[in-house]
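As structure tokens, the structure follows; a few thoughts come after it.
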Amino acid sequence: MRMSKAFIPTLKEDPKDAEVISHKLLVRAGFIRKVSSGLYNILPLGTKVVEKIKNIIRKYMNEYGAQEIIMPIMTPSELWIESGRWNVYGKEMIKFKDRHDRDYALGPTHEEVVTDLIRKEVKSYKDLPLNLYQIGQKFRDEIRPRFGLMRAREFIMKDAYSFAKDENEAKEEYFKMYEAYKKIFDEIGLNYEIIEADTGEIGGKFSHEFVVLADSGESKLIKCKQCPYCASTEIAKIGIKIDDIPFVPFKILEEVNFDLEKYREKVKSILEKYKETLEKENLPQKEEVYTPNQETIEDVAKYLNLSKEDTAKAMVYIADGKPILIFLRGDYEVNEIKLKRALKAKELSLADEKLLKELSLEKGYIGPLLSQETLEKIKEKQGLIIGDISLLSKKALCFGANKKDYHIKNLVMFRDYKLDTILDISEAQGKDWERCPECLANVNFKKGIEVGHIFMLGDRYSKAMNATFVDRDGKEKYIIMGCYGIGVTRIMAASVEQSFDKDGIIWPLSIAPYQVHLICVNPKDEKQKSIAEELYKELLNRGYEVLYDDREERPGFKFKDADLIGIPIQVIVGKKVKNNKVEVKVRKTQEKMEVELDKIFEYINNTINMLK
RNA sequence: CGGGGCGUAGCUCAGCCUGGUUAGAGCGCGUGCCUUGGGAGCACGAGGUCGCCCGUUCAAAUCGGGCCGCCCCGACCA
């Protein structure tokens, strides 16, 4: 492509509405332009990148047995109503009516459509397993679109759906996709982690997220410093060592299949041991302190000149109608996903003012020294008083005093207060005391961009939509499904996010819009011009993808554009053509090499191989 | 939806607080000259409903109110 003819509008200045680097650079380098909040035009360079990403995805999806289809973007409401998601998905779905007043939604995902297709066509176990995928526009009316392509309202996604006759076959399909995804992200050249993730409302057996590490990312994860454990903070378990005794509450809960009684039996000895430790220590005595109008943890910590880590707070929830009083360290937050699982609760919500009043609890000053009245009320309602694992990280903490304007310092577990049990229900932060639930080594907290997500769906959709097949034994059974997504446009942003420098984007060869950026420094110089033209033709003949800067601009202008756009190899035809030499610059390292004209193709070829 | 910020030329912004000729700059764009190894220089030129509406005023980019749009933080997020 000749730049003199190309539509590549580059900018000298950062667009004012861009915050993250990928957004700034993709706009400046002429890859995208905003249409409206969360909606983007993808310009020729961006389209090239998107196509390359799509093709890599296709290659491995096909290799692992998936077949490409195209489903409509416009989807009828009946299917969503049938699966129960018409209301669950709610405002995130863009809904509209046709001229006959029938309801439709722009597809945010296609489980319903594809399940409908399959239930009509798949009748026998002989038709299974099957895996279908598509690459297309998706629509989600995000509450707050942000960071350019990272969270857009319309975006390009690859979504695949597998159908199997039983759990085992479904698992095989799932792990085929797992492997395919690894190959895809490896080939794209992303630095990513595969993390255990929450299955969300889908409620399947397992789920993995593929996350590109980047500070601008919205996914938070915990990664063990030693073993392969890596999980989203949505589900990350926390371990702790108490006098070298490992304690991983969530693992123990899982072992006893979330039977709270059995759990308490199992952790009894550990907590006994902890109690002994505390007793041996000469910890300061509790002390009531006056804290007028200090209701938040920030306020209290500041007022008492304590670190947030030395305070504790209370959260009151209602789980299936039962009041749940939770104490946790002031700098931690309740992870509702973990709490819900730990309690095997179907419904969970924060308590309202009414319940607090009923339990005689003073908002902002709740502590573990509860009145007899409160204790009885909680018991009566079959509630629980739970300490989060974070309470074990400090021997004494400052809690509310259960009366307005007072807190109590130096409260020590067992010595001063009692809890029904200790659970792991806070969101992991990767702080020092937190240990890997698998090997008890220290963990790191990292942020990343979710670029892929795979789910084992089970029969969630096949049951709701009655997608069955007749098995070998003649019995009708539900199809076992999996679904697998990759954010194509998000990958474009994520790649930039982890590969750029002060001059612009640095594309990996695999998804670069072109492989070679040929620059004619001074097209008015006849020799430079003719050699550049010749090189351009010959490079194209040899099958290279070339962006040729033939514009009559000053050299600096063209160099700046080239660095900004970020094509991996620059071939610079300049004044050294007098000695039959041109320069080859590798964008990533900014290293320039002078190369004899007759060796140029060999050199380019070698450089490309090196970059692969 | 709550909190904060912004909206003036294609882009990035100044002017607004303290109302008053013809609304400015840099970049970009057009023409010419000059220049050709890191976003040059000179000259001339085009380009604006100061987001929209209402109000205050002799007079509004400027003050007040409403609306719209965009960005950030939060809540939300199969």
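Note on naming: letters A, B, ... go to the chains in the order of the sequence lines (proteins, then strands), and numbering restarts at 1 for each one.
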Pairwise N/O distances under 3.5 Å, protein to nucleotides 73-77 of chain B:
residue: C73(B); atom: OP2; partner: R144(A); partner atom: NH1; Å: 2.9
residue: C73(B); atom: OP2; partner: R144(A); partner atom: NH2; Å: 2.5
residue: C77(B); atom: O2; partner: R151(A); partner atom: NH1; Å: 3.0
residue: C77(B); atom: O2; partner: R151(A); partner atom: NH2; Å: 3.1

Would you please confirm or rule out a distance under 4.0 Å between OP1 or OP2 of [N] and any side-chain N or O of [X]?
X: S37(A); N: G69(B); value: no
X: S36(A); N: C70(B); value: yes
X: R554(A); N: A40(B); value: yes
X: K12(A); N: G28(B); value: yes

Taking any strand in view, what nucleotide pairs with [N] in a Watson-Crick or G-U wobble way, both distances under 3.5 Å?
N: C70(B); value: G5(B)
N: A14(B); value: none
N: U22(B); value: none
N: C50(B); value: none
N: C33(B); value: G41(B)

Between [N] atom [atom2] and [X] atom [atom1], what is the distance in whole Å?
X: L39(A); N: C70(B); atom1: CG; atom2: C1'; answer: 13 Å
X: D17(A); N: G10(B); atom1: CG; atom2: C1'; answer: 15 Å
X: L149(A); N: C71(B); atom1: CG; atom2: P; answer: 13 Å
X: F557(A); N: C27(B); atom1: CZ; atom2: P; answer: 13 Å
X: E552(A); N: G39(B); atom1: CD; atom2: C1'; answer: 17 Å
X: K502(A); N: G39(B); atom1: NZ; atom2: P; answer: 12 Å
X: R551(A); N: U36(B); atom1: CZ; atom2: P; answer: 19 Å
X: E583(A); N: G38(B); atom1: CD; atom2: C1'; answer: 12 Å

- prompt: Are any side-chain N or O atoms of T489(A) and backbone N or O atoms of I156(A), one a donor and one an acceptor, separated by less than 3.5 Å?
  reply: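 Flag set: sc T489(A) to bb I156(A) pair under 3.5 Å.
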message: Using only atom types and a distance under 3.5 Å, with no angle test, would you say the side chain of K24(A) pairs donor to acceptor with the backbone of E13(A)?
response: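 Side chain of K24(A) to backbone of E13(A), a donor-acceptor pair under 3.5 Å: no, none is there.
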Check every strand shown and say whether [X] touches a base, only sugar-phosphate, or nothing at a heavy-atom separation below 4.0 Å.
X: R28(A); answer: base
X: K558(A); answer: nothing
X: K524(A); answer: base
X: K592(A); answer: base

Considering only heavy atoms and no angle criterion, is a donor-acceptor pair shorter than 3.5 Å present between the side chain of [X] and the base of [N]?
X: E553(A); N: G39(B); value: no
X: K16(A); N: U12(B); value: no
X: D561(A); N: G39(B); value: yes

Rounded [atom1] spacing from [N] to [M] in Å:
N: A14(B); M: C68(B); atom1: C1'; value: 25 Å
N: A46(B); M: A25(B); atom1: P; value: 13 Å
N: G64(B); M: U22(B); atom1: P; value: 25 Å
N: G39(B); M: G28(B); atom1: C1'; value: 12 Å
N: A61(B); M: C16(B); atom1: P; value: 14 Å
N: U31(B); M: G20(B); atom1: P; value: 39 Å
N: G10(B); M: G5(B); atom1: P; value: 27 Å
N: A9(B); M: G15(B); atom1: C1'; value: 15 Å

- prompt: Are there more than 12 heavy atoms of other residues, nucleotides or ligands under 6.0 Å from atom NZ of K527(A)?
  reply: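 It does: K527(A) NZ has more than 12 such atoms within range.
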query: Around K431(A), counting heavy atoms of other residues, nucleotides and ligands shown, do more than 12 lie under 6.0 Å from its NZ?
result: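 Enclosed.
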message: Using a strict threshold of under 4.0 Å (side-chain N to carboxylate O), is an ion pair present between R341(A) and E336(A)?
response: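 Judged by the 4.0 Å cut-off on N to carboxylate O distance, E336(A) and R341(A) do not form a salt bridge.
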message: Less than 4.0 angstrom from a charged side-chain N to a carboxylate O is my criterion; do K91(A) and D141(A) meet it?
response: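 The answer is no: the pair does not qualify as a salt bridge.
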Examine [X] together with [Y] and report whether their ring centres are nearer than 6.0 Å.
X: H208(A); Y: Y178(A); result: yes
X: Y174(A); Y: F206(A); result: yes
X: F31(A); Y: W507(A); result: yes

- prompt: Considering only G38(B), G37(B), A78(B), which nucleotide approaches the side chain of K576(A) most closely?
  reply: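 Minimum distance to the K576(A) side chain belongs to G37(B).
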- prompt: What's the closest nucleotide to the E13(A) side chain, out of U12(B), G37(B), A78(B)?
  reply: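 Per side-chain heavy atoms of E13(A), the pick is U12(B).
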- request: Please name all residues satisfying side chain to side chain donor-acceptor pair (under 3.5 Å) with E112(A), sequence neighbours left out, ordered by chain then number.
  value: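 Partners of E112(A) by the side chain to side chain donor-acceptor pair (under 3.5 Å) criterion, ordered by chain and then number, come out as S83(A), R85(A).
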task: Check whether the side chains of Q570(A) and D563(A) place a donor and an acceptor atom closer than 3.5 Å, and report yes or no.
output: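 Their side chains do contain a donor-acceptor pair, which is all the 3.5 Å distance test asks for.
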message: Show every salt bridge (Lys or Arg N to Asp or Glu O under 4.0 Å) that has at least one partner inside residues 481-503 of chain A, sequence neighbours left out.
response: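 Residue pairs passing salt bridge (Lys or Arg N to Asp or Glu O under 4.0 Å), neighbours aside: D501(A)-R587(A).
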query: Which residue pairs pass the salt bridge (Lys or Arg N to Asp or Glu O under 4.0 Å) test when at least one of the two sits in residues 206-215 of chain A, sequence neighbours left out?
result: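 Non-adjacent pairs meeting salt bridge (Lys or Arg N to Asp or Glu O under 4.0 Å): zero.
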Between the protein and nucleotides 30-33 of chain B, are there any N/O to N/O pairs under 3.5 Å, and if so, what are the atom names and distances?
none

message: Does the Lys NZ or Arg CZ of K592(A) fall within the cation-pi geometry relative to F559(A) - under 6.0 Å from the ring centre and within 45° of the axis?
response: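 K592(A) over F559(A) ring: yes.
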Give every pair of a protein N or O atom and an N or O atom of nucleotides 42-48 of chain B that lie under 3.5 Å apart, one pair per line with the distance.
none

task: Please figure out whether E450(A) or G556(A) has its closest RNA chain B nucleotide nearer the 5' end.
output: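 In this pair, the answer is G556(A).
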- prompt: Where does the angle between the aromatic ring planes of Y40(A) and H23(A) fall among parallel (under 30°), tilted (30 to 60°) and perpendicular (over 60°)?
  reply: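 Answer is perpendicular, since the angle exceeds 60°.
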